[in-house]
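Take a look at the structure below.
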There are 2 protein chains.
Amino acid sequence: MNDDPDIRQVLWQLAFQFKVSSKRAVRDYDLPLNGMHIRLLHMIRRHPDCTAQQIASVTGRDKAQITRVIKELEGMALITRTPDPEDRRAQLLSLNEKGRGLMARIKDAEDDVKKTLLKGINKKDQNTFIEIGNRMLDNLREH
Amino acid sequence: MNDDPDIRQVLWQLAFQFKVSSKRAVRDYDLPLNGMHIRLLHMIRRHPDCTAQQIASVTGRDKAQITRVIKELEGMALITRTPDPEDRRAQLLSLNEKGRGLMARIKDAEDDVKKTLLKGINKKDQNTFIEIGNRMLDNLREH
DNA sequence: TTCATATGGTTGACAACATCAACTAGTGAA
DNA sequence: TTCACTAGTTGATGTTGTCAACCATATGAA
């Protein structure tokens, strides 16, 4: 009844193997980053002048975690924080030159993983997977 | 160019939200377990008299981690370890009465998550998702 | 204006999971 | 018997997730 190819098994294993592959790619490309660094760099590039709070809310992560990762990224001189003129509690985040430079190598590493992941899977199936996956995500997020 | 619904984003978020939901279900059902405990209990139930090595190899996890989780499960008196008569290095794992009893409650908790996850997604789409997911898994696993 | 309350961010502490290396004890083949 | 290999254990350390307490600022109601 619940013994056959179980969706939870697939999700669990897929998450794990995907993480393993990503980690290996990051090492192969000699990037001084971990997964969370990379995700945040993406978000900051995509949403310039966003705040830590926005990132926390979009990703669903705890703001404490976001704070720490941002501090590390700033420590590596990849991003800059400027006080929000409209709200002095908040700080606007953006990639600096070095950060933008790193993104190119990050993209290469990620494309390696993506290429492996999607080998032999046609565009239509990819989109189907993403579409169903997003529906599941919506289900989980709305409690 | 790579800005559209990205498959990595979906995998990353799905893994995270799935973990969050599972964790909440485990808490709601007052189970004294974490995710890894539950996965191993499943495996041991499905493959009676399996060894730690087999679990490590099937799941792709480090054997050190498996050792520790098994020790915890034994400490909670959910499984028993009996020396393999054919190989005195190995130990055969199996659920005991208490372990089997817990599985019922685990199943309830997991079914809650599954029900949320799959709400409004028909059987055909579920199978499609699993099928494509497994192909991705194969891709990742074969290097 | 003032006060209660809410929000953005920081910090500390800790749990869960992953990784790597070194080690013991047992196996099996030359 | 010796040597390479395997099952399992232990220690150390890194990454990610969670919770609670806290500071500074913002905002709405009295």
Side-chain angles (χ1 to χ4, degrees), chain A residues 11-13 15-27 31-40 44 49-76 79 81-93 140, chain B residues 11-27 31-40 44 49-76 79 81-93:
Chain A
L11 285 179
W12 193 61
Q13 278 297 74
F16 174 72
Q17 298 293 351
F18 179 65
K19 211 167 271 186
V20 167
S21 291
S22 299
K23 204 171 288 186
R24 193 175 46 219
V26 163
R27 212 178 38 226
L31 298 169
L33 304 169
N34 62 37
M36 203 50 76
H37 292 142
I38 291 180
R39 280 302 132 200
L40 288 216
I44 295 171
D49 290 341
C50 63
T51 67
Q53 181 47 44
Q54 285 162 10
I55 293 180
S57 124
V58 168
T59 60
R61 261 72 176 178
D62 191 283
K63 59 185 181 168
Q65 193 184 5
I66 304 297
T67 294
R68 286 184 251 266
V69 176
I70 285 177
K71 246 180 20 182
E72 285 168 16
L73 290 175
E74 199 188 21
M76 292 187 262
I79 65 173
R81 282 196 282 193
T82 58
D84 184 344
E86 321 237 303
D87 183 342
R88 283 187 300 154
R89 292 169 303 177
Q91 312 189 25
L92 306 179
L93 307 172
L140 292 177
Chain B
L11 285 180
W12 192 60
Q13 278 297 73
L14 205 45
F16 174 71
Q17 298 293 352
F18 178 65
K19 211 167 271 187
V20 167
S21 292
S22 299
K23 205 172 288 187
R24 192 175 46 219
V26 163
R27 212 180 36 227
L31 298 169
L33 303 168
N34 61 37
M36 203 52 76
H37 292 142
I38 291 180
R39 281 300 132 203
L40 257 50
I44 294 171
D49 290 340
C50 64
T51 67
Q53 180 49 44
Q54 285 162 10
I55 293 180
S57 124
V58 168
T59 61
R61 260 72 177 180
D62 191 284
K63 59 184 180 166
Q65 195 186 0
I66 303 296
T67 293
R68 285 184 252 265
V69 177
I70 286 178
K71 245 181 17 185
E72 287 168 15
L73 291 176
E74 200 189 20
M76 292 187 262
I79 64 173
R81 282 196 283 192
T82 57
D84 183 344
E86 323 237 301
D87 183 342
R88 282 188 300 155
R89 294 168 303 178
Q91 313 190 26
L92 306 181
L93 307 172

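Predicted model, so just to flag it, every value in this text is computed and none were measured. The analysis underlying the following values was restricted to heavy atoms, covering all of them including side chains, and did not include hydrogens, waters or symmetry mates. Letters A, B, ... mirror the listed sequences (proteins, then strands); counts begin at 1.
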statement: The correct list of stems in which DNA chain D takes part (3 or more consecutive Watson-Crick or G-U pairs, distances under 3.5 Å) is C:1-30 with D:1-30

- prompt: According to the salt bridge (Lys or Arg N to Asp or Glu O under 4.0 Å) rule, which pairs have a member within residues 56-74 of chain B, sequence neighbours left out?
  reply: Glu74(B)-Arg81(B)

message: With side-chain contact (heavy atoms from CB on, under 4.5 Å) as the criterion, how do Phe16(A) and Gln13(A) come out once you've worked through the C-alpha distance, each side chain's angles and the decisive distance to 0.1 Å?
response: CA-CA 5 Å; Phe16(A) 174 72; Gln13(A) 278 297 74; 4.2 Å; yes

- request: Walking along DNA chain C from 5' to 3', note the first and the last nucleotide with an atom under 4.0 Å from a heavy atom of chain A, and give both.
  value: dA6(C) to dC20(C)

message: Any heavy-atom pair between the side chains of Ser21(B) and Arg24(B) that's under 4.5 Å?
response: yes

Met36(B) CE to dT16(D) C1', straight-line distance once rounded to whole Å: 13 Å

Contact state string [nucleotides 4-10 of chain D, B base, S sugar-phosphate only, - no protein heavy atom under 4.0 Å]: --BSBBB

Set of salt bridge (Lys or Arg N to Asp or Glu O under 4.0 Å) partners for Arg88(A), sequence neighbours left out: none

query: Are the side chains of Asn34(B) and Val69(B) in touch, meaning some heavy atoms are under 4.5 Å apart?
result: no

task: Report the C-alpha separation of Leu33(A) and Met76(A) in whole Å, then their side-chain angles, then the decisive distance to 0.1 Å, and conclude whether the side-chain contact (heavy atoms from CB on, under 4.5 Å) test is met.
output: CA-CA 10 Å; Leu33(A) 304 169; Met76(A) 292 187 262; 3.9 Å; yes

task: Quickly, which of Thr59(A), Val58(A), Thr51(A) forms a side-chain contact (heavy atoms from CB on, under 4.5 Å) with Ile55(A)? Name it, please.
output: Thr59(A)

message: With side-chain contact (heavy atoms from CB on, under 4.5 Å) as the criterion, how do Leu93(B) and Asp49(B) come out once you've worked through the C-alpha distance, each side chain's angles and the decisive distance to 0.1 Å?
response: CA-CA 5 Å; Leu93(B) 307 172; Asp49(B) 290 340; over 6 Å; no

query: Is Val20(B) close to Leu140(A) at the side-chain level, that is, under 4.5 Å between some pair of heavy atoms?
result: no

message: Rounding to an integer number of Å, can you tell me how far Arg39(A) CZ sits from dG17(D) C1'?
response: 17 Å

field: Minimum side-chain heavy-atom gap Ile66(A)-Leu40(A) below 4.5 Å
entry: yes

task: Residues of residues 18-27 of chain A with any non-hydrogen atom less than 4.0 angstrom from an atom of DNA chain D: list those, numerically ordered, please.
output: none

field: Closest-nucleotide 5' rank along DNA chain D - winner of Pro85(A) and Gly35(A)
entry: Gly35(A)

